[in-house]
Structure formats: C-alpha cells, structure tokens
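Below, read A as the first sequence line, B as the second, and so on, with proteins coming before strands; counting in each chain starts at 1.
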4 protein chains.
Amino acid sequence: MPKIVDHELYRRELLDKCFDLFAEKGYASITMRQIADGLGVSTGTLYHYFPSKKALYEQLVEEINRQALLKVAAELEGTQTLQERIEACGRFLQKNEDYFIKQTFIMIDFCQSSDHHENKGNAVFKVTIERCLQAVCELLGFEDRGLAAFIMTHIDGLLLQKIWMKEEISIAEQFKILGRMLTLYLENKYLHHEEKP
Amino acid sequence: MPKIVDHELYRRELLDKCFDLFAEKGYASITMRQIADGLGVSTGTLYHYFPSKKALYEQLVEEINRQALLKVAAELEGTQTLQERIEACGRFLQKNEDYFIKQTFIMIDFCQSSDHHENKGNAVFKVTIERCLQAVCELLGFEDRGLAAFIMTHIDGLLLQKIWMKEEISIAEQFKILGRMLTLYLENKYLHHEEKP
Amino acid sequence: MPKIVDHELYRRELLDKCFDLFAEKGYASITMRQIADGLGVSTGTLYHYFPSKKALYEQLVEEINRQALLKVAAELEGTQTLQERIEACGRFLQKNEDYFIKQTFIMIDFCQSSDHHENKGNAVFKVTIERCLQAVCELLGFEDRGLAAFIMTHIDGLLLQKIWMKEEISIAEQFKILGRMLTLYLENKYLHHEEKP
Amino acid sequence: MPKIVDHELYRRELLDKCFDLFAEKGYASITMRQIADGLGVSTGTLYHYFPSKKALYEQLVEEINRQALLKVAAELEGTQTLQERIEACGRFLQKNEDYFIKQTFIMIDFCQSSDHHENKGNAVFKVTIERCLQAVCELLGFEDRGLAAFIMTHIDGLLLQKIWMKEEISIAEQFKILGRMLTLYLENKYLHHEEKP
DNA sequence: GATGAATGAGAATTCATTCAT
DNA sequence: TATGAATGAATTCTCATTCAT
C-alpha cells in the first residue's frame, strides 16, 4: 500500500505548514483559500486531504499536542541541579519562543471554539497536560504535583506575557528567579520536614 | 427636540453588554446580528453607536483596560503580611475567575488580530500592564520589578491553565505556594544582602 | 394662513439647495442623510417637507423645468442678426455652463429611473421641450421646426460633450460655426425658393 | 485538470451581457444580485470574475469604448459624396439607436460617479473621443477639427434628444439637414478661400 | 489525484423611513 | 415643528464546500 503511505505523509506535511497560518490569523479569520494558497495547493486538494476546515484544524491541534512532548523530552539530557534544569528549560522556551506563542494562540483558539459545542477538545488537553506535569516531575526529580503545576503555570504565564508585550519580558531572568525560588522552597520544605520529627 | 438619549452613556452600556458575547465566541466568530440580538437592539442601532465591528471591538478593549485597574485598586484594602496579601489577591482572582478568563480571551483575540496591521493596540497594553506592575509593587510593599513581573506572570499563567482545564486547577492552592515562595525569596534576599557587607 | 406661506417658501428653498446635491451624486447614490446634512437640517425635517425621497426628487425636477424657460426668456433682449442671436445664446450657455450640466445630469437620471415604471416624466419633458422649440423659433425669427430642433440638438450635444471632457470644447467657437451654418442654410433655402418659381 | 473555462473569454461574455442591465437601471440602482440573475450566474460567480461592482462597471466602460470604434469603422465602406456619408452615418445611428442610447446612459452614469474621486475615467474618454474626431475627419475627407467636433456634438445631441423624448425626433431628417449645412458650409469656405487671393 | 469554477447561505454594512420626545 | 434614535429589509461581498474535468 505505497499510495497510502504517500497520502499520509503528505497530509502531515500539509498539517505542518498550516501551523503558522492558523497561528497568525486564527481559526475563524483564515479562509480555506488562504490556507490553500499558503500551502501552495488548490482548495480542491485541501479538501482531498481534509474533509472540512474544522477537521483540518482538529488534526492540527492533535499533531501539535503529539509533537509537544517529544520536543521537551529531547531537551532534557545532561542537566544536574534543579536550578540548572529550570534554567535549561527557560533557554529552551526562549529559543522556541515564537513556536510556543503560536502554539498558544492555536490552543486558545481551539478552546474558545470547542468549549461550547463539544468538549472532546478538553479530553485531549487533559491528557497532554497530565503528561506535561509528569514530565516536569521526572525532569526535575521531585513528586510534588502542586509544584509541577506551579512551574507549568509560570511557563504559560510567560507565554501570555509575551503575547501581551513581545519585547518587555526576559524569559531568562524570569526563569532565574523561578529556579531560585524553587530551590529555596524545596530546601525549606526539606528542613521543615527534618525539624518536624 | 430629539428623543432624549445620553448617547455616550448608552454606548458604554452597550459596550458592557458586549463583553460576554465577544468573550464567548471570539471576535471573528460572532456576527453583528448575534451581537445586536444579544444586546436587544437592531443591527441598525448597533451601527448607530459604532461605525464598524472592528471599532466596536476596539472600544470594548479600551473600556476593559480602563476598568481593569479600577477593579484591582478597589480590592487592596486591609491586609497585613505578604502571605496575607498574596492570598487575598488569589481570592479576588478566584472570585472573578470567569470575568478574568473572558477578559483574557478578548485580549488574546485582540492581539492576534491587531499584531499584524497596526500595533497601536500594544501601546494600550503596555500602559495597562505597566500600571499593573506598579500596583503589584505598591500592594505588596516592595520595589523589585522583576518580582512583580513574576507575580503577574503567575496570574496570567493561572488564567491560561483555567482555560486549558477548567476544573483541575486550584487557584487558592497555587497562591498559597506563591505566597510561601515569595516570603522565602524575600527573606533570603534580605539575608544575602546583610551577609554581603 | 401665514404658516402655510412659510412652509411653502421653505420647501422651495430646500428644493433649490437640493439641486447641486442630486446633480453631483445622482438620485440613487445620494442618501437622505447626505441631503439633510447638505441642507443643514435633520432627516426628520426633510421628511416633514417631502413625503419621500422620490417625491423630493420629482418636485425638484418640476421646479427645474419651471425655471428653465424663465431663464432663457430673460436672455432674449436686444439682439439683431441671426448670427448675433445665436452667439448670444452661446454666451448664455457658456456663462451658465455648470448649471446646465447639472440640470442635464438630473434630467437624464430622472429619465433613466422613470422610463420603466411610469412615463409621466416624459409628459413633463414634452411640454418643456415643446416650449423650448417655440422659444427658439421666436428668438431666431423663423418657423422651421426642424431647424429649431437642429439647434436644440446642438445645444444638448454641447452639454454632453462638456460632460465627456470638461475643458476640450469651446462653446463659443461651436456657436460661431453654428451661426454661420444657419445663415448659409437659410440664405440658400431662400434662394432656392426664389429660384423655384 | 481544472474545469475547462476560458476565463478571459467568459469574462468578456459576461461583460457583454451586462450592458443592457447597467444601461436600463443605472449603476447605482442595479444590484449585484439582479446582475447575477440577468447573467444567469450566482453572485459568487460574478465575484469570481469581477472583484467588485465598481470594477465590473469600469471594465464594462472600457469594453464599450474598445468596441465603439470598431463598429463605426466597419460602417464606413463604399460611400462617395459628403452628403452621402453623413446620411449613411445617420442611418447607422438610427439602426443602432437603442444601443447608442444605452451606451450614452452608461457613459453619463460613469462620468457622474467618477468625476469626483478620480478622473482616470476622463483619460479613457479623451482617447476615445480623440479617436472619434479623427475617424470623422477621415470618414468625411476633411481636416477641420472644429467641424468634426460639430458633427460629433450633433450626434451626441441627437442621442440626448432621444433620451428626452423617444419618438419625437427623426434622426434621418436631422442628418439630412446636417449634410446640407455641411455641404454649404464647405462650399462657401472654399469659395471664400478662392476669392481671397 | 489535482484543479479551480461554481454555488448560495450568510456576513458586514447601509439607508429610507418612522416616531417618541 | 424639529430632532435624531431606532428599525430591518436590502445591499455588497465572502467563503466553506462541491464537482466537472
């Protein structure tokens, strides 16, 4: 079944190229023609690979979520202390800032449109975020889910800040503060626990 | 003598009522007819008060920004320790969670649409955010802008998390952690400074 | 009934001021609001004096026709030879060029819109044009209706030419040629007639 | 392979079929839906071939001007005397009376709407009229531009008269008079020249 | 598979007209 | 009388989708 492989491969390629387009104009604002033009194909071809605009969008969201963890995982190697890891995480975020902002736009757009009719979207999200929390715990070597959520929250917050005011925020600096806080927090918790008994 | 209507006042009323509508469907997805229906007026009347959908939206964003600070300022009274204040802040956020999430949707939508052509939008944002930072500093009684940004970031992050997964996040808990971290961080900084000389 | 006089007088004033507005934008293109603004009144007032846009327009056309002949008649005094009269006529046309062009626009507009539903418009025109032909005959001192029509035709043609290309046509020159032609034509006709018997 | 349609050719066909529609209702009065219905296509198709109502109209005007001279040129063959030619011209006008009246409506409409913002329209007109004058000179075998303008003016005038009062004017008769006048005028001019030296 | 012409419901916007004040 | 706010049908234009080639 060589044809099917081609088809599937090409579908993925198209999906990849859609990313920027959806991110920059938003789901409701971009037209299928604009997408087709952006991909260098005809609308007919677009419909050959995706049954509708909505389906195309949903497949894109799925694809993004699938790739998100792979990318983070690839970035985890060879770090030792917590501060080191946090800062590595910050550098990664900073390096791919544009990508993550776009991803954020797409995801928010998706939430807004799916919240109402169906919330199967949320199912996808829950899994993804669950995996992210797990990854953060493993990555940073602790088990406190609240703390992992704290870090995730901070990352999301930084992305939003970037959306608000592109140039005003230093991700590196923010991650330095985050690292120091976490270190202090964990040390203190540890001391606290030791003192307790 | 004309029908007696305070044009400016009525415009504001309409604007207020638009808030939910834009937040729930998004700028591009909601139609002027839906808005008119939602406001209980005809499309003609809508256009009598706002020259275009775009203008209506921009005026809404302006109005939101204008009101944002007033609301925060009203919430600052009668708290003592840092931890107390932070947690009061958290309660405030939690109480108005829906409002802030909607505001976030609207603002992100606005960024996405305005980023490209003009960025006069960003000017509005910068001022608003600058004032927020200032307010955080005053509220918490310190001068460290990086730290204020850290808190703001965290708040934004919480809102995004709420958007991702409505029920999974406990704002109160997150703010408890934030408060403890800040306290530790500031104490430590203080010690550090004392040690230095 | 002093009020009625005022009313009637004011209606005429408004009508006069409408002339330019209708001429410049055309019946279908101008809006009642634009007219009201142009007249310095509210739309409500406009509708107080005229039952509808169509009625306003028809009253304007009537008023124009009523005034047209008065103006020509006033211009007929103190000329002797045919050539002289023709040229005086040309000067008159040239002096009021803008006015006549506007009148032409309005009339054509009227024809186009009335041709289809009703042609009561044409009745008005027929009377007016009939009177014009009569006036030309009297003015130039002959009885040949075909020739009078020839002259009228030429005047209309000049107005159209002016519409096509504002600056390229010299009305004065054209009337000089017209005068000479008519003189020759009439002389020749006369000779011809004399020879015949 | 796409549906096989000669885009350019079809565009011209649509344009041709628009002629009557615009002429009969006027630019501002006819709606795109009426045009689409008149052409037997959907509004979507209309917009597939023309970006806007204005553009459609402008392309129509261009097309008309392009075709106008071709038609006159085709009519010039096999005439001898001036009187003959003039009368042939008159017959041609009479035969295509409806067409020319419609063209006149369209052109006037165009002037009225374009006069104000841009006058690129006038550029098109100037060229067209210039060519017409040239054609008249060649057709009638003389060089006097003023006289050519005189004839053009008369033709335009006849069209306007027809617009005013459809049935009252005999184009043939008017052209007979015109021919005689021109002949006399030219003979006289000739004599005059001979006498001079 | 690929194309882009065709569709028509639906979007933003306009405008003659009405009517409370 | 005069005003201009309110209306909603009608207008221009868009766009997801279909389909003949």
Separation of E:dG8 atom P from D:R33 atom CZ, nearest Å, is 11 Å

From E:dA16, E:dA5, F:dA2, nucleotide with atom closest to A:T43 side chain: E:dA5

With side chain to side chain donor-acceptor pair (under 3.5 Å) as the test, would you mind laying out the steps for C:Q59 and C:E63 before giving the verdict? CA-CA 6 Å; C:Q59 289 185 29; C:E63 184 68 9; over 6 Å; no

Interatomic distance where NZ belongs to C:K54 and P belongs to E:dT17 [whole Å]: 10 Å

Among the nucleotides E:dG1, E:dT13, E:dA5, whichever has the atom closest to the side chain of D:H7 is E:dA5

For E:dT21, give its Watson-Crick or G-U wobble partner with both distances under 3.5 Å, or none. F:dA2

Any Lys/Arg nitrogen of B:E58 or B:K54 sitting under 4.0 Å from an Asp/Glu carboxylate oxygen of the other? yes

Counting only side-chain nitrogens and oxygens, does B:Y47 get under 4.0 Å of the OP1 or OP2 atom of E:dT14? no

Name the nucleic acid region contacted by C:L46, choosing base, sugar-phosphate or nothing; use a 4.0 angstrom heavy-atom cut-off, strictly under. nothing

Pair A:Y57-A:F50, ring-ring contact (aromatic ring centres under 6.0 Å, His included): steps then yes or no: CA-CA 9 Å; A:Y57 188 51; A:F50 307 96; over 10 Å; no

Nearest-angstrom distance from the residue atom CG of D:D37 to P of F:dT11: 11 Å

Quick one: A:E13 CD to E:dG1 P, roughly how many Å, whole number? 14 Å

Please report, rounded to the nearest Å, how far the P atom of E:dA12 is from the NZ atom of B:K25. 11 Å

Sugar-phosphate only, base, or nothing, as touched by B:F50 at under 4.0 Å among non-hydrogen atoms: nothing

Listed nucleotide nearest any side-chain atom of C:T45, set F:dA6, E:dT13, F:dT3: F:dT3

Rounded to whole Å, please give me the gap between NE2 in D:H48 and C1' in E:dT3. 11 Å

Can you say whether the rings of D:Y27 and D:F22 are parallel (under 30°), tilted (30 to 60°) or perpendicular (over 60°)? parallel

Picking from E:dG4, E:dA16, F:dT11, the nucleotide nearest the side-chain atoms of C:T31 would be E:dA16

Check every atom of E:dT14, E:dA6, F:dT7 against the side chain of D:Y10 and return the nucleotide holding the closest atom. E:dA6

First encountered from the 5' end of DNA chain F, between D:G44 and B:G44: B:G44

Listed nucleotide nearest any side-chain atom of A:K53, set F:dT17, E:dT17, F:dT3: F:dT17

Base, sugar-phosphate, or nothing: which does B:S52 touch, judged by heavy atoms less than 4.0 Å apart? sugar-phosphate

If you look at every strand shown and take non-hydrogen atoms under 4.0 Å, does C:I35 touch a base, only sugar-phosphate, or nothing? nothing

How long is the line joining CG of C:L39 and P of F:dA2, in whole Å? 13 Å

With nearest nucleotides of DNA chain F determined for C:G40 and D:M32 from heavy-atom distances, which residue corresponds to the more 5′ nucleotide? C:G40

When you match D:V41 and B:Y27 each to their closest nucleotide on DNA chain E, which lands nearer the 5' end? D:V41

Between P on F:dT14 and CD1 on A:I30, what's the gap in Å once rounded to a whole number? 16 Å

Please pick, from F:dA6, F:dT17, E:dA9, the nucleotide with the shortest atom-to-atom distance to any side-chain atom of B:S42. F:dA6

Any donor-acceptor pair under 3.5 Å linking the side chain of C:S113 with the backbone of C:F110? yes

Which one is paired to F:dA16, where only Watson-Crick or G-U wobble pairs with both distances under 3.5 angstrom count? E:dT7

Applying a 4.0 Å non-hydrogen cut-off, can you work out what D:L56 is touching in the nucleic acid: base, sugar-phosphate, or nothing? nothing

Do the ring planes of B:H7 and B:H48 sit parallel (below 30°), tilted (30 to 60°) or perpendicular (above 60°)? perpendicular

